[in-house]
Peer 1: 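Dropping a structure here in structure tokens format, bear with me for questions.
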Amino acid sequence: MHPIKLFIVLLLLPFAAFNQSVVTLEQREINFNLALDEEVDQWNKSFKSFSQLSKEEQDILYWTNYSRKSPQRFWDSVMVPILATFPQLRGKFSASLKADLSSSSSLPLLALNDTLILSARGHAYDIGQKKATISHTSTDGTTFSNRLQRLGVKNCGSENMSLGGGDVLMSIAMLYLDYGLENLGHRKTLLNPDYIYMGVGAIQYGREQLFFVQDFACNQQQ
């Protein structure tokens with residue numbers, strides 16, 4: 001079997017905190033039993049930009065909002081089957097995730113934001129098309145904070161990135177697990193109730209690998 005290698009990185013504004021984790025897993029079938037959440041699906045499709053997203057980008061938006069609508073359900077329906085398939089992921093990170101998801105109430109569904117799509121997609125394409133080193137800094141040297149500020153995002157924001165085997169749900173789950181990252185920055189971003197907007201960008205990176213970027217922002221009128 002081919003290994004699944006997931007490389008996940010995070011940057012937060014206004015703090016220059018850069019965190020990364022690399023997890024390698026065997027390719028195995030996971031037995032999910034997931035029904036479409038029609039409320040989340042309709043919410044996502046209510047934004048004009050939704051139809052312009054690729055299938056992978058639509059899936060990133062869906063699973064992110066699926067997890068935020070009911071964190072406990074995300075644990076039961078997604079994380080439990082993953083941990084059953086990959087028991088080596090069990091430990092303090094999975095235990096803390098179970099506690100965090102169990103104690104989290106429903107969070108605001110993220111609104112698809114055109115500015116953040118431009119930011120996330122632009123960065124994904126810049127890194128992916130050039131097969132550049134995975135980084136929050138663009139290949140021309142532009143930093144994440146500068147990218148967002150140039151687009152008018154001046155208040156709180158963050159960026160998650162993932163490079164994996166093409167399974168969007170697995171990549172989102174690993175961002176939540178934050179395996180090996182003591183500060184749990186990806187998880188905290190995904191569960192942050194202050195974030196109400198998101199943009200996504202995804203591109204193929206090498207053979208059978210998907211690189212994607214999530215850009216988040218809070219209310220910019222504060």
Side-chain angles (χ1 to χ4, degrees), residues 1-13 16-30 53-64 66-67 74 78-79 82-83 85-86 88-89 93-94 97 110 116-145 147-148 157-190 198-216:
M1 294 184 180
H2 299 291
I4 300 172
K5 191 170 187 176
L6 294 161
F7 180 90
I8 52 180
V9 291
L10 161 80
L11 190 68
L12 295 169
L13 280 179
F18 180 83
N19 301 281
Q20 66 182 41
S21 173
V22 179
V23 180
T24 302
L25 302 169
E26 288 185 349
Q27 191 173 30
R28 298 178 184 172
E29 183 177 352
I30 304 172
L53 300 180
S54 68
K55 175 61 167 60
E56 292 80 8
E57 291 166 343
Q58 291 176 358
D59 287 346
I60 295 163
L61 179 66
Y62 175 80
W63 290 116
T64 303
Y66 175 95
S67 67
F74 186 77
V78 176
M79 295 309 306
I82 288 175
L83 293 171
T85 305
F86 299 103
Q88 65 269 40
L89 295 176
F93 293 100
S94 62
L97 178 58
L110 296 164
L116 294 175
I117 293 173
L118 183 64
S119 172
R121 187 177 276 173
H123 190 59
Y125 287 13
D126 176 48
I127 298 294
Q129 289 178 339
K130 298 174 183 177
K131 301 298 182 292
T133 301
I134 305 301
S135 171
H136 292 287
T137 300
S138 303
T139 57
D140 66 358
T142 304
T143 65
F144 167 67
S145 58
R147 274 192 285 119
L148 261 63
S158 68
E159 182 171 83
N160 286 351
M161 299 190 296
S162 173
L163 176 63
D167 188 316
V168 169
L169 180 54
M170 185 67 181
S171 293
I172 295 293
M174 293 305 295
L175 287 169
Y176 267 104
L177 189 61
D178 256 350
Y179 191 85
L181 295 180
E182 297 294 339
N183 72 351
L184 305 177
H186 302 98
R187 183 190 309 176
K188 291 175 181 176
T189 295
L190 290 164
M198 187 175 80
V200 295
I203 188 172
Q204 292 300 310
Y205 185 105
R207 184 171 177 268
E208 298 181 351
Q209 287 185 305
L210 180 72
F211 173 58
F212 73 73
V213 178
Q214 297 172 298
D215 281 350
F216 303 83

Peer 1: Just checking, any donor-acceptor pair under 3.5 angstrom between side chains of Asp178 and His186?
Peer 2: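 Per modelled atom types, Asp178 and His186 side chains form a pair under 3.5 Å.
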Peer 1: Hey, does Leu163 have a side-chain heavy atom less than 4.5 Å from the side chain of Gln209?
Peer 2: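 Side-chain contact under 4.5 Å: yes.
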Peer 1: Is the closest side-chain heavy-atom distance between Val200 and Glu56 below 4.5 Å?
Peer 2: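 Contact flag for Val200/Glu56 side chains = no.
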Peer 1: If you compare all heavy atoms of Tyr179 against all heavy atoms of Leu89, which two are closest, and at what distance to 0.1 Å?
Peer 2: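 Looks like CE1-O, 3.9 Å.
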Peer 1: Check whether any side-chain heavy atom of Arg147 lies under 4.5 Å from a side-chain heavy atom of Ser138, and answer yes or no.
Peer 2: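 A side-chain contact exists here, since the closest heavy-atom pair is under 4.5 Å.
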Peer 1: Applying side chain to side chain contact (heavy atoms under 4.5 Å, CB included), run through Met79 and Ser94 and close with a yes or a no.
Peer 2: CA-CA 9 Å; Met79 295 309 306; Ser94 62; over 6 Å; no
Peer 1: Does the side chain of Ser145 come under 3.5 Å of the side chain of Thr143 through a donor N or O and an acceptor N or O?
Peer 2: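 The answer is yes; a qualifying pair exists.
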Peer 1: Sort out for me which residue in Leu110, Asp215, Asn160 forms a side-chain contact (heavy atoms from CB on, under 4.5 Å) with Met198.
Peer 2: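 Result for side-chain contact (heavy atoms from CB on, under 4.5 Å) with Met198: Leu110.
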Peer 1: Please evaluate residues Phe93 and Glu182 with respect to the criterion side chain to side chain contact (heavy atoms under 4.5 Å, CB included), reporting the C-alpha separation (whole Å), side-chain torsions for both, the decisive distance (0.1 Å), and the verdict.
Peer 2: CA-CA 9 Å; Phe93 293 100; Glu182 297 294 339; 3.8 Å; yes
Peer 1: State, yes or no, whether a side-chain contact exists between Ile82 and Met170 at a heavy-atom distance under 4.5 Å.
Peer 2: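 Yes - at least one pair of side-chain heavy atoms lies under 4.5 Å apart.
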Peer 1: Look at the aromatic rings of Tyr66 and Trp63 and report parallel, tilted or perpendicular, splitting at 30° and 60°.
Peer 2: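 Correct class here is perpendicular.
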Peer 1: To check you understand the geometry: which heavy-atom pair defines the closest contact between Ala120 and Gly201, and what is its length?
Peer 2: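 Nearest heavy atoms, Ala120 then Gly201: CB-N, 3.7 Å.
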Peer 1: What is the ring orientation for His136 with His123, classed by angle as parallel under 30°, tilted 30 to 60°, or perpendicular over 60°?
Peer 2: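 Answer is parallel, since the angle falls under 30°.
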Peer 1: State, yes or no, whether a side-chain contact exists between Phe211 and Met161 at a heavy-atom distance under 4.5 Å.
Peer 2: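 A side-chain contact exists here, since the closest heavy-atom pair is under 4.5 Å.
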Peer 1: Please report the closest heavy-atom contact between Ile127 and Tyr205, naming both atoms and the distance.
Peer 2: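 That closest heavy-atom pairing would be O-CE1, 3.9 Å.
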Peer 1: Heavy-atom distance under 4.5 Å between the side chains of Gln214 and Ile172, does that happen here?
Peer 2: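 Counting from C-beta outward, Gln214 and Ile172 do come under 4.5 Å.
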Peer 1: In sequence, state the C-alpha distance, the side-chain angles, and the governing distance for Thr189 and Glu159, and then conclude on side chain to side chain contact (heavy atoms under 4.5 Å, CB included).
Peer 2: CA-CA 8 Å; Thr189 295; Glu159 182 171 83; over 6 Å; no
Peer 1: Report the C-alpha distance between Leu190 and Thr64 in whole Å, list the side-chain angles of each, state the deciding distance to 0.1 Å, and finish with yes or no for side chain to side chain contact (heavy atoms under 4.5 Å, CB included).
Peer 2: CA-CA 7 Å; Leu190 290 164; Thr64 303; 4.0 Å; yes
Peer 1: Would you say Ser54's side chain and Glu57's backbone share a donor-acceptor pair under 3.5 angstrom?
Peer 2: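 Indeed, once roles are kept as given, a pair shorter than 3.5 Å links the two residues.
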